[in-house]
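Worksheet: the structure to be examined is printed underneath.
The structure displayed is predicted, hence computed values, not measured ones.
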Amino acid sequence: MKIRFLPVLLTAALGILVVSCSSEQDRNRNRRTISATRFPKLKDYTLELSVVSPRTEYYAGEENVTITFSLKNAGLKPVTLDEWHMIENANLNIYYAPGGLKQTANLPQDQWKQSPTYDPKAKGLPVRSPLVLNPGTNQALIVVPLAFLKDLRDAGRHVAYTIRGRLNLQSVDVESRPFEITVK
């Protein structure tokens, strides 16, 4: 009689083991990663990129300086950016040129220099998460470094630079209006 219950007991133990293993949740299941190979262009969107940092004067050679941009949906429909980087400063490129707004107004694209905003070798850079921007007051704040300042030398006078931000995304083409800063 003892031998008769042994297979039933083993089957029950095996069933409990299988159920307990399958009910364990995968920790990465909720984390959404999307392949960065290709993101189709979005149509019918109205996004505005603008500077919200109040500071306009900086020092040549200054390090660890950041500037904040705001990305806002000015359209009537929600916009989802599937390729949004989890490392937020990788979503924006900074371009700068010496001179004020009037001197750089007709400057060709190839004469603007790019200031690095992120380390391309950074751990976690390929991880992306969708950003949904609803119409109205919903906005995303993007804090990026002004790394080019640390390479500038003190000229002994105030020098104007024009800066503009541009999203580092394939699916949308959004750029801020140029704005002027002063470097002492």
- Task: Please tell me if the side chains of Val143 and Glu88 come closer than 4.5 Å, counting only heavy atoms from C-beta onward.
- Result: yes

- Tell me, please, which residues at least two apart from Phe148 pass ring-ring contact (aromatic ring centres under 6.0 Å, His included). Tyr96, Tyr161

- Task: If a pair satisfies salt bridge (Lys or Arg N to Asp or Glu O under 4.0 Å) and one of its residues is in residues 135-158, list it, with sequence neighbours excluded.
- Result: none

- Message: Val174 vs Tyr45, test: side chain to side chain contact (heavy atoms under 4.5 Å, CB included). Steps then yes/no.
- Response: CA-CA 10 Å; Val174 180; Tyr45 64 89; 4.1 Å; yes

- When rounded to the nearest 0.5 angstrom, what distance separates CG in Leu107 from OG1 in Thr162? 8.5 Å

- Please identify each residue that fulfils salt bridge (Lys or Arg N to Asp or Glu O under 4.0 Å) with Lys77, with sequence neighbours left out. Asp44

- Task: Can you measure from CG (Leu169) to CG (Asn93) and round to the nearest 0.5 angstrom?
- Result: 9.0 Å

- Task: Without swapping roles, check the side chain of Ser53 against the backbone of Thr68 for a donor-acceptor pair under 3.5 Å.
- Result: yes

- Item | Cluster link Leu152 to Phe179, ILVMFWY, side chain under 4.5 Å | yes

- For Glu180, salt bridge (Lys or Arg N to Asp or Glu O under 4.0 Å) partners two or more places apart: none

- Task: Answer yes or no: are there more than 12 heavy-atom neighbours, outside Leu141 itself, under 6.0 Å from its atom CG?
- Result: yes

- Query: Roughly how far, to the nearest 0.5 Å, is the CD1 atom of Ile87 from the NZ atom of Lys123?
  - Reply: 10.5 Å

- Message: For a 4.5 angstrom cut-off between non-hydrogen side-chain atoms, does Leu49 reach Leu92?
- Response: yes

- Okay, side chain of Lys72, backbone of Ala140: is any donor-acceptor separation there less than 3.5 Å? no

- Any salt bridge (Lys or Arg N to Asp or Glu O under 4.0 Å) pairs touching residues 91-111, not counting sequence neighbours? none

- Query: Can you list every ring-ring contact (aromatic ring centres under 6.0 Å, His included) pair that touches residues 54-89, not counting sequence neighbours?
  - Reply: none

- Message: With rounding to the nearest 0.5 angstrom, report the CD1 to CD1 distance, Ile94 to Ile67.
- Response: 6.0 Å

- Message: Restricting to side-chain contact (heavy atoms from CB on, under 4.5 Å), what partner residues turn up for Pro116, sequence neighbours left out?
- Response: Ala147

- Pairs meeting criterion salt bridge (Lys or Arg N to Asp or Glu O under 4.0 Å) with involvement of residues 166-175, two or more places apart: Arg164-Glu175, Arg166-Asp173, Arg166-Glu175

- Could you tell me the separation between the CG atom of Leu131 and the CD atom of Glu83, rounded to the nearest 0.5 Å? 11.0 Å

- Note on the structure: Closest heavy-atom pair, Ile142 versus Asn89, reported as atoms and distance to 0.1 Å, is CG2-CA, 4.5 Å

- Would a distance-only check, ignoring hydrogens and angles, find a side-chain to backbone donor-acceptor pair under 3.5 Å from Gln103 to Pro98? no

- Item | Sidechain-backbone polar pair: Ser171 side chain, Phe39 backbone, donor-acceptor under 3.5 Å | no

- Message: Assigning hydrophobic clusters by single linkage (Ile, Leu, Val, Met, Phe, Trp, Tyr; side-chain heavy-atom cutoff under 4.5 Å), is Val172 placed with Val144?
- Response: yes

- Message: Working to the nearest 0.5 angstrom, can you tell me the gap between Leu146 CG and Ile163 CD1?
- Response: 5.0 Å

- Query: Are Val51 and Trp112 co-members of a hydrophobic cluster defined by side-chain heavy atoms under 4.5 Å apart?
  - Reply: no

- Task: Can you sort out the partners of Arg55 under salt bridge (Lys or Arg N to Asp or Glu O under 4.0 Å), two or more places apart, ordered by chain and number?
- Result: Glu62

- Query: So, the side chain of Thr104 versus the backbone of Gly99: is there a donor-acceptor pair under 3.5 Å, distance only?
  - Reply: no

- Linking Ile, Leu, Val, Met, Phe, Trp and Tyr through side-chain heavy atoms less than 4.5 Å apart, which residues share a cluster with Val132? none

- Item | Partners meeting salt bridge (Lys or Arg N to Asp or Glu O under 4.0 Å) with Lys113 (sequence neighbours left out) | none

- Item | Sequence-distant partners of Tyr118, side chain to side chain donor-acceptor pair (under 3.5 Å), two or more places apart | Asn168

- Query: So which heavy atom on Asn138 is nearest to which on Asn134, and how close?
  - Reply: ND2-N, 2.9 Å

